[in-house]
2 protein chains.
Amino acid sequence: MTLHTHQTAPTQYVQANGIRFAYRRFGKAGGVPLVLNMHFTGTMDHWDPLITDGLAKDREVILFNNAGIASSSGEVPTTIEGMAANAAAFIKALGLTQVDVLGFSLGGLVAQTLAIDEPRLVRKLVLVGTGPRSGEGMASLTPEAQRIFGATYDEPDHLWLKVFFTDSAASQAAGRAFLQRFRLRTQDRDPEVNEKVAPAQIEALGKWGAPRENPYDYLKQLHQPTLVINGGTDVIIYTINSYLLQQHIPNAQLILYPDANHGSQYQYPDRFVKHVSDFIAEAN
Amino acid sequence: MTLHTHQTAPTQYVQANGIRFAYRRFGKAGGVPLVLNMHFTGTMDHWDPLITDGLAKDREVILFNNAGIASSSGEVPTTIEGMAANAAAFIKALGLTQVDVLGFSLGGLVAQTLAIDEPRLVRKLVLVGTGPRSGEGMASLTPEAQRIFGATYDEPDHLWLKVFFTDSAASQAAGRAFLQRFRLRTQDRDPEVNEKVAPAQIEALGKWGAPRENPYDYLKQLHQPTLVINGGTDVIIYTINSYLLQQHIPNAQLILYPDANHGSQYQYPDRFVKHVSDFIAEAN
């Protein structure tokens, strides 16, 4: 086992479901690995190295691009269920029989579905900045998200200061530090996603968010110990949705961080790593 | 400094505001002590030794009976503000200039008020199983609380199995373990509260819970870093009130535990001690 980190782990490939999945794998081997599922239009390079390396101290961390994203081949499915099926195929192609799964935003929808569809494969679940089917304000982009994604920015990366952080001085300062960290890896970075990714993901998000009867009943099928984390003022997927997840998943713990928006884990990386590591280590 | 514990710390007394306050003090001296505020009709003996001794590993823990409770003299005020003023007088009478404050249920209302009224005295705040002024279902006892407090029990202590724990087998088992722990101290226990305590506390709870305009605005005055903790299905002070506290206190973190009622900290004492200790240790 080489001691790779977020910055040095080589991009590797594995074939499954007719897709060539790009992934990176690093950290302490021998236990149950943690598989991370990324947000809307994000790639492996959008994770915060403070978080991935922090989590990798006690376990293997596996980053991957789902089908059609950046260095992975194939097409982005237009359903969350399709994305979850591809994630399951990827994990099994690595020869793994049990993993913990973390999903952020869109990745949290994939992670929930994966956990329900593959109850033996997924041991524990961490849902970050995400929400349930037909969650509050999830039928389409929130008004705040429309404004933020529709604006122009001096530097393209500054979009993330608005998506992930609040307007407070402390949160914006944390955001600028995050932007530096997620650009630190210079070798072997992923290409940006192509122009087909956003429309397919938006179609999948729309189906997920559409109103339906008894929308949260499906969460009763989610039996894994689950940790739900978000900022207290998420304007992209409203914070109340994290509360709803906790209320409807049979065994879920909720943590909300102060003065934090959609990317609370990037604002409080040390706290987040501690909370996730403690949760994974707990007998529950 | 003698190495006292929850079980061995002697009951001491200090005079302030014309009241002789009973208290116990133990744990690691030298830092900022943590002062605990008890629930409706509770005394120092109702705390869980796993929690008090767990917290005392890294700091001094101070238990006390507020005015009119058990071994303390005086009358129970009929307002939360009166109780908070007495708590402040007690803390200052010990010669302390800065403390962290934890309050559970009724004690959480006292703790909020104390933190607002004494911003220099209170450094950090932990609010457990509690809610804001005019919180949801707080104008009077909830229907569930009426049923639970109105029922008869084979053993009086079994009331707490219903107040603090859910009906699940796991939660009830945790409850029975808690009942054993909080009876472990046999020497120098507090007397039960007299018959004037419950009516005065109920009057204070009624004034606190009464509907009013913009009820949560007062929380903007609470500038201490705050940790809000509760069970996900609190039927005594509904869980949504913990969410409301997080949403309206400027710097508050929320943690909700799964399958847990009003006494979630007694169900997960190890997790609770870790979360509170981490929060107090954080730079925030």
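Lettering follows sequence order; numbering is per chain, from 1.
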Enquirer: What part of A:Asp270 gets closer than 4.5 Å to chain B, counting heavy atoms only: side chain, backbone, both or neither?
Expert: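 Neither part; nothing is under 4.5 Å.
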
Enquirer: Does the B:Gln247 side chain pair with the main chain of A:Gly232, one donor and one acceptor, at a distance under 3.5 Å?
Expert: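 Indeed, once roles are kept as given, a pair shorter than 3.5 Å links the two residues.
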
Enquirer: Chain B heavy atoms under 4.5 Å from A:Thr239: which part of the residue, side chain, backbone, both or neither?
Expert: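 Answer is both: backbone and side chain atoms of A:Thr239 are under 4.5 Å from chain B.
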
Enquirer: Could you tell me whether A:Lys57 atom NZ has more than 12 heavy atoms of other residues or ligands within 6.0 Å of it?
Expert: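 No - once you tally the heavy atoms of other residues, nucleotides and ligands closer than 6.0 Å, there are 12 at most.
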
Enquirer: Any heavy-atom pair between the side chains of A:Leu254 and B:Leu254 that's under 4.5 Å?
Expert: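 Yes. Closest side-chain heavy atoms under 4.5 Å.
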
Enquirer: Measure the shortest side-chain to side-chain distance between A:Asp278 and B:Asp278 over non-hydrogen atoms and say whether it is less than 4.5 angstrom.
Expert: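 Yes, close enough: below the 4.5 Å cut-off.
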
Enquirer: How far does CD of A:Gln253 sit from OH of B:Tyr268, to the nearest 0.5 angstrom?
Expert: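 A:Gln253 atom CD to B:Tyr268 atom OH measures 8.0 Å (nearest 0.5 Å).
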
Enquirer: Of the backbone (N, CA, C, O) and the side chain (C-beta and beyond), which part of A:Ile229 lies under 4.5 Å from a heavy atom of chain B, both, or neither?
Expert: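 For A:Ile229, there is no contact with chain B at all, as no heavy atom is under 4.5 Å.
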
Enquirer: Measuring from atom CG of B:Leu256 to atom CG of A:Leu256, what distance do you get when rounded to the nearest 0.5 angstrom?
Expert: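 Between atom CG of B:Leu256 and atom CG of A:Leu256 there are 7.0 Å.
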
Enquirer: Are there over 12 heavy-atom neighbours, none belonging to A:Arg120, within less than 6.0 Å of that residue's CZ?
Expert: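 No, not enclosed.
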
Enquirer: Measure distances from A:Tyr243 to the heavy atoms of chain B and classify the residue's part below 4.5 Å as side chain, backbone, both or neither.
Expert: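 Side chain of A:Tyr243 only, per the 4.5 Å heavy-atom cut-off to chain B.
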
Enquirer: Going by heavy atoms in the side chains, are B:Lys274 and A:His275 under 4.5 Å from each other?
Expert: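 They are not in side-chain contact.
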
Enquirer: Where do B:Ala252 and A:Pro258 come nearest, in terms of heavy atoms and distance?
Expert: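 What the structure gives for the nearest pair is O-CB, 3.3 Å.
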
